[in-house]
Amino acid sequence: MVFPPRSLDGASAQAGGLNAQDWSRIHFLDGPVCDGCGAPFEYDLGARCAACQARPRAFDAARAACLYDEVSRDPILKLKHADRLDLAPLFARWLSRAARELIEGADAIVPVPLHPSRLFSRRHNQCAEIARPLAALTGLRYLPDALVRRRATQTQGGKSGSGRRRNVAGAFEVPPSRARQVAGRRILLIDDVMTTGATAEGCARALKAAGAARVDLAVVARVKEMPGLTI
């Protein structure tokens with residue numbers, strides 16, 4: 001009542017900071033998608049995309065709520081860099097719908113971690129801010145410290161797929177004190193944006209090395225083909 005929801009442009013909003021015009025322009029991935037990486041299909045192929053068949057992912061399946069484009073980019077970056085934490089519950093609701101099948105088969109939710117130095121400068125981990133309300137919505141166990149980033153990595157922006165994989169190689173681990181939380185469980189990994197999937201694959205490898213039975217991925221948005229678009 002005191003602070004009603006506001007959209008990104010300062011106008012009144014129904015909820016979560018998006019007005020009706022913004023809502024209508026978001027490209028939600030409601031149609032058929034690749035089970036392996038969440039890429040949209042023009043029609044249901046009943047199989048994984050050629051890229052996933054050629055090089056299977058370290059995670060088992062992935063879903064994205066929407067495409068990452070000039071429209072979805074603004075609210076995602078507002079959460080990530082402008083302290084718009086009010087957007088996190090909105091993104092959690094998007095994921096509860098887009099990743100419904102993965103949620104039904106999961107035991108626990110784990111956010112992609114930030115290195116402590118990055119967390120200090122940013123003041124919050126946007127993935128954790130999305131994962132926490134998603135766990136509350138779904139009733140899944142929330143494991144915020146099950147996965148850590150043990151070394152600081154360079155930003156992934158501007159790197160090729162192979163460069164992104166090298167950048168995060170060995171960067172993630174499950175601390176020995178947290179291994180019991182992961183072992184034998186089906187984990188739903190939460191990230192904000194998927195470009196090549198290198199970060200999520202690094203996390204999935206660490207979780208499986210600690211004994212996770214399965215690791216699926218849910219992201220707010222995934223890149224399709226947008227050269228030069230900053231993340």
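Note that the structure is predicted; figures quoted are calculated from it, not measured.
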Student: Please name all residues satisfying ring pair (Phe, Tyr, Trp, His ring centres under 6.0 Å) with Phe59, sequence neighbours left out, ordered by chain then number.
Tutor: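 Phe59 satisfies ring pair (Phe, Tyr, Trp, His ring centres under 6.0 Å) with no residue once adjacent residues are dropped.
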Student: With a 4.5 Å cut-off on side-chain heavy atoms, are Leu143 and Ile109 touching?
Tutor: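 A side-chain contact is absent here, since even the closest heavy-atom pair is not under 4.5 Å.
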Student: Applying the 4.5 Å side-chain criterion to the ILVMFWY set and letting contacts propagate, would Val223 and Ile76 be lumped into a single cluster?
Tutor: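 Result: yes, single cluster for both.
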Student: Could you walk me through whether Arg73 and Asp69 pass the salt bridge (charged side-chain N to carboxylate O under 4.0 Å, His left out) test, one step at a time?
Tutor: CA-CA 6 Å; Arg73 175 177 179 265; Asp69 54 22; over 6 Å; no
Student: Please name the pair of heavy atoms, one in Gly184 and one in Asp107, separated by the smallest distance, quoted to 0.1 Å.
Tutor: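 Smallest interatomic distance, heavy atoms only, reads O-OD2, 4.5 Å.
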Student: Output all residues satisfying side chain to side chain contact (heavy atoms under 4.5 Å, CB included) with Pro144, sequence neighbours left out; order by chain, then residue number.
Tutor: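 In terms of side chain to side chain contact (heavy atoms under 4.5 Å, CB included), with neighbours along the sequence ignored, Pro144 is linked to Tyr142.
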Student: Locate the shortest heavy-atom distance separating Cys127 from Ile190; write the atom from each residue and the value.
Tutor: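 Closest approach of Cys127 to Ile190, heavy atoms only: CB-O, 3.6 Å.
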Student: With sequence neighbours excluded, what pairs up with Arg122 under the side-chain hydrogen bond (donor to acceptor under 3.5 Å, both in side chains) test?
Tutor: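 Gln126.
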Student: Quick one: side chain to side chain contact (heavy atoms under 4.5 Å, CB included) partners of Ala212, sequence neighbours excluded?
Tutor: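 Side chain to side chain contact (heavy atoms under 4.5 Å, CB included) list for Ala212, sorted by chain: Val182, Ile187, Leu207, Val215.
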Student: Which donor-acceptor pairs under 3.5 Å do side chains of residues 45-54 form with protein atoms, sequence neighbours excluded?
Tutor:
residue: Arg48; atom: NH1; partner: Asp60; partner atom: O; Å: 3.3
residue: Arg48; atom: NH2; partner: Asp35; partner atom: OD2; Å: 3.0
residue: Arg48; atom: NH2; partner: Asp60; partner atom: O; Å: 2.7
residue: Gln53; atom: NE2; partner: Arg48; partner atom: O; Å: 2.5

Student: With sequence neighbours excluded, give me every side-chain hydrogen bond (donor to acceptor under 3.5 Å, both in side chains) pair touching residues 130-141.
Tutor: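 Counting only pairs at least two positions apart or across chains, the side-chain hydrogen bond (donor to acceptor under 3.5 Å, both in side chains) contacts touching residues 130-141 are Glu129-Arg132.
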Student: Show your reasoning for whether salt bridge (charged side-chain N to carboxylate O under 4.0 Å, His left out) applies to Arg123 and Asp83.
Tutor: CA-CA 8 Å; Arg123 299 184 298 277; Asp83 294 335; 2.4 Å; yes
Student: Taking all non-hydrogen atoms of both residues into account, name the closest pair between Lys208 and Ala58 and its distance.
Tutor: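 Taking every non-hydrogen atom into account, NZ-O, 2.9 Å.
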Student: Between Ile103 and Leu140, is there a side-chain heavy-atom distance shorter than 4.5 Å?
Tutor: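 They are in side-chain contact.
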Student: Going by an N to O cut-off under 4.0 Å, is there a salt bridge joining Arg186 and Glu104?
Tutor: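 Salt bridge between Arg186 and Glu104, a charged N being under 4.0 Å from a carboxylate O: no.
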Student: Mind listing the closest non-hydrogen atom pair of Ala200 and Leu217 along with its distance?
Tutor: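 Scanning both residues, the minimum pair turns out to be CB-CD2, 3.6 Å.
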Student: Pro75 and Leu87: which non-hydrogen atoms are nearest, and at how many Å?
Tutor: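 So the two residues come closest at O-CD1, 3.3 Å.
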Student: Please name the pair of heavy atoms, one in Ala92 and one in Leu134, separated by the smallest distance, quoted to 0.1 Å.
Tutor: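 So the minimum-distance heavy-atom pair works out to O-CD1, 3.4 Å.
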